[in-house]
Amino acid sequence: MVTARKGRGGGGGGAVRPRPRDRGGDGGGGSMAARVAVLAFCVAGIWSAYITQGVLQETLSTKRFGPEARRFEHLAFLNFAQNVVCFVWSFIMIKLWSGGTSSAGRAPLLKYWGVSITNTIGPTMGIEALKYISYPAQVLAKSSKMIPVMLMGTILYGVKYTFPEYLCTFLVAGGVSSFALLKTSSKTIKKLANPNAPLGYTLCFLNLAFDGYTNSTQDLIKSRYPKTNPWDIMLGMNLWGTIYNSVIMFVAPLLFSNWPYANGFEAVRFCQENPEVAWDIFLFCLCGAVGQNFIFLTISRFGSLTNTTITTTRKFMSIVVSSVISGNPLSLEQWGSVVMVFSGLSLQIYLKWKRKKGKE
């Protein structure tokens, strides 16, 4: 999605990382009971927001609507809607929490125009992948961002990684690959618009590549303008994302009669004919915006490592919910692949925690 990134990745992460307050490493200060209550609140908020968003995303990509049982083919429209809602949301948050704060030292809106291009293209590829692969497959593929990072680090910069780090990558890569090669149930395939696993996974990995650039550039902006807060970045990214998607979806179809990409006018017409779609899209966007609040709170009170742990477990639960509630049955072998991927991710989190403890 084109929100500020959610602890990423970024998912999607990947939230813009607010600088954690210096609390002496106690995870937020105050009594243990109070800190546990706040952490439970953050976990409940992130899980409920993004698991619900995943269910809505899967519903919009697979369900047939209306008496003619038509699919909502304009999945890229979700990113446009997310841009608009998150732009308004971040504007409100800035007015509520930073109304009297000077803009000095904060990145100007023009600084976001370039990085917003990749932040428009990447998430669109990720959501379009749902036409070709199942939601659980998409979640697994987008959880493997460590693979391109390590490949680029080794090939381009000669970075040497430890054996446990290579083991993490092997587990994630092996799990994603085996899941992709295993036969998908016919029930799941029938729900897809155009089943095409190679294309779907390619779109997911391109999404990761674009997200990697987006995340790095956001960090660069934050380092150059240290007073920039997460809401500033969310506002700037979604302002330009709204502009770009408006041109792609509403201007281009007027200029080109055979415009091959998503048509905003057709998406709006579909929503008018099927109000439940409009409602699902609104809830989808609202979940993304509200989820950012909990991510920012988690990072500021407990740090990015805790946030990564919460979002990783959330992804696993999203697959469970998709399998149980949305009717995407997984075979025993596929569950083995899922466990393999999240074992690798869990080992990665443990290694980060160990390094952090070693520095304290």
Side-chain angles (χ1 to χ4, degrees), residues 6 8-14 47 50-51 53-55 57-59 61-62 75 122-123 125-151 164-212 308-309 311-350:
K6 303 176 201 146
R8 336 188 217 230
W47 277 34
Y50 289 110
I51 290 176
Q53 189 184 51
V55 171
Q57 185 181 45
E58 187 170 8
T59 298
S61 64
T62 60
L75 294 182
M125 289 181 168
I127 201 166
E128 285 286 325
L130 288 174
K131 292 181 179 179
Y132 311 106
I133 57 177
S134 68
Y135 179 72
Q138 184 222 39
V139 172
L140 281 186
K142 292 177 70 175
S143 298
S144 60
K145 65 182 62 184
M146 68 173 73
I147 298 173
V149 169
M150 290 185 69
L151 280 176
E165 288 174 322
Y166 281 117
L167 179 59
C168 291
T169 305
F170 171 78
L171 288 171
V172 173
V176 173
S177 300
S178 61
F179 189 95
L181 293 173
L182 289 168
K183 184 178 180 181
T184 304
S185 71
S186 57
K187 183 178 180 181
T188 300
I189 292 177
K190 287 179 181 178
K191 294 170 66 176
L192 300 177
N194 301 294
N196 188 330
L199 178 56
Y201 282 105
T202 298
L203 288 172
C204 286
F205 293 133
L206 287 173
N207 178 190
L208 290 179
F210 280 110
D211 279 357
T308 300
T309 304
T311 54
T312 298
T313 53
R314 189 278 304 171
K315 290 176 182 178
F316 181 81
M317 290 307 301
S318 290
I319 293 177
V320 173
V321 169
S322 175
S323 177
V324 175
I325 296 180
S326 301
N328 286 321
L330 300 182
S331 66
L332 187 60
E333 292 83 1
Q334 286 178 314
W335 276 116
S337 298
V338 172
V339 170
M340 191 174 178
V341 170
F342 284 95
S343 295
L345 295 176
S346 299
L347 178 57
Q348 183 189 42
I349 291 172
Y350 170 74

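None of these values were measured; they are calculated from a predicted model.
Annotation for C168 and L347: closest pair SG-CG, 3.4 Å, computed over non-hydrogen atoms. Scanning all heavy atoms of the two residues, the minimum distance from K183 to Q334 falls at O-NE2, 3.7 Å. In terms of heavy-atom proximity, F342 sits nearest to T312 at CE2-O, 3.2 Å. Across every non-hydrogen atom of V341 and S143, the tightest pair is CG1-CB, 4.5 Å. Scanning both residues, V172 and S144, for their nearest heavy atoms gives CG1-CB, 3.5 Å. Shortest non-hydrogen contact noted between C204 and I133 is SG-CD1, 3.9 Å.
Atom CZ of residue F179 and atom CG of residue L182 lie 8.0 Å apart, to the nearest 0.5 angstrom. Separating the CZ atom in R314 from the CD atom in Q53 is a distance of 8.0 Å, to the nearest 0.5 Å. One finds the CG atom of L345 at 9.0 Å from the CG atom of L171 (value rounded to the nearest 0.5 Å). Put simply, CD on Q348 and OG1 on T309 are 10.0 Å apart, with the number rounded to the nearest 0.5 Å. The CD atom of E128 sits 13.0 Å away from atom CG of L206, with the distance rounded to the nearest 0.5 Å. To the nearest 0.5 Å, atoms CG (L330) and CD1 (I319) are separated by 7.5 Å.
Within the 4.5 Å cutoff, side-chain heavy atoms of V320 are placed close to those of W335. Considering only heavy atoms from C-beta on, V55 comes within 4.5 Å of T59 through its side chain. By the 4.5 Å heavy-atom criterion applied to side chains, S318 and Y135 are counted as neighbours. Put simply, the side chain of K145 does not reach to within 4.5 Å of the side chain of D211, judged on heavy atoms.
Applying the side-chain hydrogen bond (donor to acceptor under 3.5 Å, both in side chains) rule to S185 yields the partners T188; only residues at least two apart in sequence or on another chain are considered.
Surrounding OH of Y350 are at most 12 heavy atoms belonging to other residues, nucleotides or ligands under 6.0 Å away.
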